[in-house]
Amino acid sequence: MASQKEKFVARLREAMAFRGMRQTDLCQAADIKKSAMCQYVKGSFMPKSDVLDRLAKILDVSTPWLGGYDSPKEREPLPPLAEPFLHYEPGTPVRVIGSIRCGYGGMAFEETDGVEYANVRHPEEYIWLKVKGDSMEPRIHDGDLALIRLQPDLENGEIGAVILPGEEGTLKRVLKQKGNLVLQAFNPQYPPLILSGEELNEVHIVGKLMETRTKW
């Protein structure tokens with residue numbers, strides 16, 4: 001019967017392979033020395049609880065499972081962002097944006113579908129962004145509307161709309177880890193994007209996700 005350490009090594013390698021992450025990627029994202037990561041992968045010793053939790057979060061698996069315990073692999077579900085609105089309450093009209101890009105004149109908004117109502121005081125500080133793709137499944141679906149509060153930065157772990165060069169705005173969880181920026185999708189089929197150094201200057205934060213709404 002495999003020991004707890006052997007289970008940890010096997011599950012660490014399994015999760016890294018599933019996420020398409022190399023040891024160097026994981027070291028950078030979790031702020032772990034390469035020498036320590038080599039020892040983890042070899043099974044020389046197990047990480048401390050705080051390091052194990054960081055690894056689990058980045059690999060999107062439960063901490064007990066990664067640590068070799070008899071526990072579900074999936075992380076505990078996050079609380080819902082918002083219940084689908086089948087009957088909308090009166091509110092303030094906020095413009096619906098089809099896509100966002102960055103250009104020489106700043107951010108360019110492509111408006112679609114007019115407006116959608118939201119309970120906000122200053123509608124000029126918000127947009128509804130039409131979600132494209134399945135990178136944030138199973139919580140946020142293709143075609144959903146995401147209410148974004150326009151702001152130039154996000155707190156560590158918050159979900160927001162971000163733009164990379166040549167791409168449209170997309171929703172991602174933003175993790176800040178000692179000089180690195182990790183853009184993480186909910187869908188495990190999409191590996192996290194790790195940015196550092198000059199790459200950070202190419203990331204444009206549009207704003208913070210406040211609510212999602214499914215249009216039935």
Side-chain angles (χ1 to χ4, degrees), residues 1-81 133-141 153-162 164 167 170-203 205 208-209 212:
M1 184 175 180
S3 66
Q4 182 182 355
K5 186 185 296 183
E6 289 171 336
K7 289 180 180 179
F8 161 72
V9 172
R11 292 173 181 181
L12 175 63
R13 292 177 177 177
E14 175 188 335
M16 289 173 60
F18 184 80
R19 301 286 300 184
M21 297 189 73
R22 302 169 300 174
Q23 289 187 38
T24 53
D25 297 330
L26 195 52
C27 287
Q28 191 175 21
D31 190 29
I32 297 173
K33 293 182 179 179
K34 293 181 180 179
S35 57
M37 181 60 68
C38 288
Q39 297 301 316
Y40 298 155
V41 174
K42 290 179 182 179
S44 300
F45 60 85
M46 290 186 60
K48 296 181 179 179
S49 58
D50 61 325
V51 177
L52 182 67
D53 189 53
R54 290 209 306 272
L55 292 172
K57 287 180 180 178
I58 293 169
L59 294 169
D60 199 27
V61 296
S62 74
T63 302
W65 178 85
L66 184 61
Y69 293 97
D70 186 12
S71 178
K73 179 179 180 180
E74 294 75 20
R75 295 183 66 81
E76 292 185 7
L78 296 172
L81 293 170
D134 63 350
S135 67
M136 298 301 278
E137 294 279 3
R139 290 182 62 195
I140 307 174
H141 312 287
D153 198 7
L154 295 169
E155 295 293 330
N156 186 35
E158 288 184 332
I159 302 167
V162 297
L164 295 173
E167 298 185 16
T170 180
L171 291 180
K172 291 291 183 291
R173 176 187 283 132
V174 176
L175 302 174
K176 299 178 180 180
Q177 297 166 341
K178 292 189 178 180
N180 299 324
L181 196 68
V182 181
L183 303 182
Q184 189 174 53
F186 287 157
N187 189 335
Q189 299 295 333
Y190 292 81
L193 179 61
I194 304 170
L195 303 166
S196 61
E198 295 184 359
E199 294 177 318
L200 298 177
N201 298 325
E202 300 178 346
V203 181
I205 293 177
K208 177 181 176 180
L209 176 65
T212 60

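Note: hydrogens, waters and symmetry copies are ignored here, and every other heavy atom, side chains too, is used.
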| Check: F186 and E137 side chains under 4.5 Å, non-hydrogen atoms | no

| remark: dist S135:OG -> L171:CG (nearest 0.5 Å) comes out at 7.5 Å

| message | Assess the residue pair F18 and V61 against the criterion (side chain to side chain contact (heavy atoms under 4.5 Å, CB included)); give the C-alpha distance rounded to whole Å, side-chain angles, the decisive distance to 0.1 Å, and a yes or no. | response | CA-CA 11 Å; F18 184 80; V61 296; over 6 Å; no

| task | Measure from the side-chain N and O atoms of E199 to the backbone N and O of S196, and report whether any donor-acceptor pair falls under 3.5 Å. | result | yes

| request: Step by step, work out the side chain to side chain contact (heavy atoms under 4.5 Å, CB included) result for L181 and L175. | output: CA-CA 6 Å; L181 196 68; L175 302 174; over 6 Å; no

| Considering only heavy atoms from C-beta outward, does the side chain of K172 approach that of L164 to under 4.5 Å? | no

| said: Looking at Q28, is its backbone amide N or carbonyl O close enough to the side chain of N180 to form a donor-acceptor pair, meaning the two atoms are under 3.5 Å apart? | reply: yes

| Got K73 and S62 here, is their nearest side-chain heavy-atom distance under 4.5 Å? | no

| field | Rounded distance [0.5 Å steps], CG in L154 versus CD1 in I205 | value | 4.5 Å

| query | About how many Å separate CH2 of W65 and NZ of K7, when rounded to the nearest 0.5 Å? | reply | 11.5 Å

| said: Within this structure, what is the SG-NZ distance for the pair C27 and K34, rounded to the nearest 0.5 Å? | reply: 7.0 Å

| Backbone N or O of R22 within a donor-acceptor pair of the D25 side chain at under 3.5 Å? | yes

| field | Heavy-atom check, side chain of T63 versus side chain of Y69, under 4.5 Å | value | no

| query | Please walk me through it: do K208 and I159 pass side chain to side chain contact (heavy atoms under 4.5 Å, CB included)? | reply | CA-CA 6 Å; K208 177 181 176 180; I159 302 167; over 6 Å; no

| With the threshold set at 4.0 Å, does a side-chain nitrogen-carboxylate oxygen contact exist between E14 and R19? | no

| field | Enclosure of N201 CG (heavy-atom neighbours >12, cutoff 6.0 Å) | value | yes

| Side-chain contact, heavy-atom cut-off 4.5 Å: I32 with L55? | yes

| task | Flag the pair M16 / Q23 as yes when at least one side-chain heavy-atom distance between them is below 4.5 Å, and no otherwise. | result | yes

| N/O donor-acceptor pair under 3.5 Å between R11 side chain and G67 backbone | no

| message | If we ignore hydrogens and angles and just use 3.5 Å, is the side chain of Q184 paired with the main-chain N or O of I58 as donor and acceptor? | response | yes

| field | Side chain E6, main chain S3, donor-acceptor under 3.5 Å | value | yes

| message | V9 vs Y40, test: side chain to side chain contact (heavy atoms under 4.5 Å, CB included). Steps then yes/no. | response | CA-CA 7 Å; V9 172; Y40 298 155; over 6 Å; no

| message | Are L59 and L12 packed together at the side-chain level, in the sense that at least one heavy-atom pair is separated by less than 4.5 angstrom? | response | yes

| said: Are the side chains of L195 and L183 in contact, using a 4.5 Å heavy-atom criterion? | reply: yes

| remark: Output for pair (I194 CD1, L26 CG), nearest 0.5 Å, gives 7.5 Å

| K176 and D153 ion-paired at < 4.0 Å | yes

